[in-house]
Amino acid sequence: MTNEMLRAPAEVKYAEELDWLESVDDGPKPFSWRLSPRMVRLFVLGSERSDGLEREIPQKWFGERGFVERSIVTLASDRGLLLIGDPGTGKSWLAELLSAAICRNSTLGVQGTAGTTEDHIKYSWNVSMVIAKGQSRESMIPSPIMTAMERGVIGRFEELTRSTSDVQDALISILSEKYMSIPELDTDNIVFARPGFSIIATANSRDRGVNDLSSALKRRFNFVRIPVVTSKASEAEIVRFRTEELLRRHRIELDLPPTLLDILLRSFADLRAAAASAGSEDEKLESALSTAEQIGVLEDAILHSNFFGDRVLRAQTLAGALVGSLARRAPEDLAILNKYWHGVVEPRSQREGGEWTNFLEGGRQAISTLS
């Protein structure tokens with residue numbers, strides 16, 4: 001089944017693993033949860049020898065255990081969960097994994113934008129059915145949030161602060177009262193949330209000031225702040241994990257040389273340090289330089305090597321992918337990357353040689369092409 005999907009949701013991708021965890025789970029389960037909180041944590045963070053399981057459960061989200069445990073405890077209460085952090089910190093992936101483990105459905109989601117309306121989180125109408133038969137529950141189109149309420153499962157709201165205050169205010173009654181009124185109907189006009197219903201929302205910390213949450217809505221959420229990954233070892237593990245997934249999905253047999261992964265990690269670390277010390281926004285790359293963007297750079301390089309190269313990942317290709325992905329403003333970003341290549345990559349290639357020399361040449365060529 002997963003071969004027929006461009007991207008299978010976590011509950012489909014890890015269905016066999018979730019079935020096995022459910023079969024051996026004898027822990028207490030809140031509401032209608034499919035797994036106990038302990039098993040949810042194991043599914044997300046992976047198992048250890050001390051857990052005493054007969055099989056190893058691989059780690060899927062890389063971050064502090066405390067963040068995951070606080071998230072799980074929140075969902076076992078009657079409060080919503082708000083995951084907040086910089087772009088690329090894995091907020092959406094964590095939300096998906098939690099939903100998959102708790103209720104085996106991570107697809108009941110709403111994407112917050114400036115165009116999101118109350119209908120997107122409440123309900124709308126099938127116009128042709130309304131004309132033919134009038135307004136009824138049959139002619140109503142429930143939102144993913146309403147569906148989650150009726151089923152007693154997790155609903156997701158991505159980029160909450162991107163939606164307008166009217167939409168955010170509509171969430172307040174849902175999170176506090178746990179029901180939704182349908183004033184257009186005379187009977188059967190209230191949808192009550194079943195036990196197990198909750199909302200996982202995400203918010204980008206860089207969107208502060210776009211549509212700030214009201215104090216009333218903040219009180220309905222427990223905040224879990226997901227920090228940027230600063231550990232080189234942890235970031236390498238995340239990049240390696242997601243890259244291996246990419247290779248399996250595309251059925252590509254291509255090795256990821258540790259030397260090139262180290263070059264990628266060090267380059268991003270250098271660029272982040274330069275951005276932190278920059279005196280103005282014009283001296284910073286427009287890119288957030290997140291772990292997710294590292295994965296995107298590596299994905300571009302791998303696919304280019306597979307389809308247009310000799311199916312070997314090379315430093316020149318990696319450099320071209322990095323420049324192509326991060327140079328979003330012309331000429332500002334190109335000037336920043338050119339400064340980095342001359343001031344950091346060139347001296348490093350002279351000291352260390354090897355793949356850094358090839359990385360230097362690949363970056364120079366890419367910058368020259370885009371200039």
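- With values rounded to the nearest 0.5 angstrom, T317 atom OG1 is found 11.0 Å from I302 atom CD1.
- Contact annotation: the side chain of T291 never approaches that of F62 to less than 4.5 Å [non-hydrogen atoms, C-beta and beyond].
- No donor-acceptor pair under 3.5 Å is formed between the side chain of R156 and the backbone N or O of L108.
- The backbone N or O of G27 sits less than 3.5 Å from a side-chain atom of D25, completing a donor-acceptor pair.
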Quick one, R240 with E237, criterion salt bridge (Lys or Arg N to Asp or Glu O under 4.0 Å). Give me CA distance, side-chain angles, the key distance, then yes/no. CA-CA 5 Å; R240 189 180 296 109; E237 194 63 34; 3.2 Å; yes
Mind listing the side-chain donor-acceptor pairs of residues 327-337 below 3.5 Å, one per line with the distance, residues two or more places apart or on another chain?
unit_1 : atom_1 : unit_2 : atom_2 : d
R328   : NE     : S325   : O      : 3.2
R328   : NH1    : E293   : OE2    : 3.1
R328   : NH2    : E293   : OE2    : 2.4
R329   : NE     : D333   : OD1    : 3.0
R329   : NH2    : K284   : O      : 2.5
R329   : NH2    : D333   : OD1    : 2.8
D333   : OD1    : E286   : N      : 3.4
D333   : OD2    : R328   : N      : 3.1
D333   : OD2    : R329   : N      : 3.0

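- The hydrophobic cluster containing I121 also contains I172, counting ILVMFWY residues as joined when their side-chain heavy atoms lie under 4.5 angstrom apart, directly or transitively.
- F359 and W341 have their aromatic ring centers within a separation under 6.0 angstrom.
- Checked by atom type and distance alone, the side chain of T116 pairs as donor or acceptor with a backbone atom of Q111 at under 3.5 Å.
- Two residues are said to be in side-chain contact when any heavy atoms from C-beta on lie closer than 4.5 Å; I295 and I238 meet this criterion.
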Run the side-chain hydrogen bond (donor to acceptor under 3.5 Å, both in side chains) test on E355 and N358 for me, step by step, so that the C-alpha distance in whole Å, both residues' side-chain angles and the decisive distance to 0.1 Å come before the verdict. CA-CA 5 Å; E355 293 289 10; N358 298 323; 3.1 Å; yes
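- Residues E184 and W125 meet the side-chain proximity criterion, which asks for heavy atoms closer than 4.5 Å.
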Show the numbers, then the answer: is there a side-chain hydrogen bond (donor to acceptor under 3.5 Å, both in side chains) between Q294 and E235? CA-CA 9 Å; Q294 287 191 64; E235 192 162 44; 2.7 Å; yes
Donor-acceptor pairs are to be reported for all side-chain atoms of residues 187-195 against protein atoms at under 3.5 Å, with residues two or more places apart or in another chain.
unit_1 : atom_1 : unit_2 : atom_2 : d
D188   : OD1    : R137   : NH1    : 3.2
N189   : ND2    : L185   : O      : 3.1

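- Using cut-offs of 30° and 60° on the angle between ring planes, the pair Y14 and F43 is perpendicular.
- A salt bridge is defined here as a Lys NZ or Arg NE, NH1 or NH2 lying under 4.0 Å from an Asp or Glu carboxylate O, and E346 with R364 meets this definition.
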Let me see the working for T202 and E158 under side-chain hydrogen bond (donor to acceptor under 3.5 Å, both in side chains), right down to the final yes or no. CA-CA 5 Å; T202 64; E158 293 289 328; 3.0 Å; yes
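- With rounding to the nearest 0.5 angstrom, the OG atom of S99 is 13.0 Å from the CZ atom of R104.
- The only member of V73, I154, L98 that meets side-chain contact (heavy atoms from CB on, under 4.5 Å) when paired with L81 is L98.
- Within the 4.5 Å cutoff, side-chain heavy atoms of L313 are placed close to those of L298.
- A 6.0 Å sphere centred on CD of E283 holds more than 12 heavy atoms belonging to other residues, nucleotides or ligands.
- Within the 4.5 Å cutoff, the side chain of F241 has no heavy atoms near those of the P58 side chain.
- Listed for the H120 side chain is a donor-acceptor partner under 3.5 Å among the backbone atoms of T117.
- Side-chain N or O atoms of K91 include one that pairs as donor or acceptor with a backbone N or O of D86 at under 3.5 Å.
- At least one donor-acceptor pair closer than 3.5 Å links the side chain of S277 to the backbone N or O of A273.
- The residues R34 and E11 are annotated as not salt-bridged, no charged nitrogen and carboxylate oxygen being separated by less than 4.0 angstrom.
- A 6.0 Å sphere centred on CD of Q350 holds more than 12 heavy atoms belonging to other residues, nucleotides or ligands.
- Note on R242 versus E245: salt bridge recorded, some NZ/NE/NH1/NH2 to OD/OE distance being below 4.0 Å.
- Taking CD from E138 and CE from M129, the interatomic distance works out to 4.0 Å, rounded to the nearest 0.5 Å.
- Looking only at side-chain heavy atoms (C-beta outward), D51 and I57 stay at 4.5 Å or farther from each other.
- The shortest side-chain heavy-atom distance between L42 and L53 falls under the 4.5 Å cut-off.
- Annotation for R55: atom CZ counts as buried by contact number, over 12 foreign heavy atoms lying within 6.0 Å.
- Looking only at side-chain heavy atoms (C-beta outward), T369 and V323 stay at 4.5 Å or farther from each other.
- Taking hydrophobic clusters as Ile, Leu, Val, Met, Phe, Trp and Tyr residues chained together by side-chain heavy-atom distances below 4.5 Å, L45 shares a cluster with V24.
- The residues K60 and E17 are annotated as salt-bridged, a charged nitrogen and a carboxylate oxygen being separated by less than 4.0 angstrom.
- Distance alone, capped at 3.5 Å, is enough to place a donor-acceptor pair between the R79 side chain and the R219 backbone.
- A donor-acceptor pair under 3.5 Å is absent between the side-chain atoms of S176 and the main chain of R220, judged by distance alone.
- Side chain of R41 to backbone of V68: no donor-acceptor contact under 3.5 angstrom is found.
- From D310, atom CG reaches atom CG of N306 across 10.5 Å, with rounding to the nearest 0.5 Å.
- Looking at D26 and R38, no side-chain N of the basic residue comes within less than 4.0 Å of a carboxylate O on the acidic one, giving no salt bridge.
- A donor-acceptor pair under 3.5 Å is absent between the side-chain atoms of S143 and the main chain of Y123, judged by distance alone.
- Under a cut-off of 6.0 angstrom, the local environment of CZ in F223 is crowded, with over 12 non-hydrogen atoms contributed by other residues, nucleotides or ligands.
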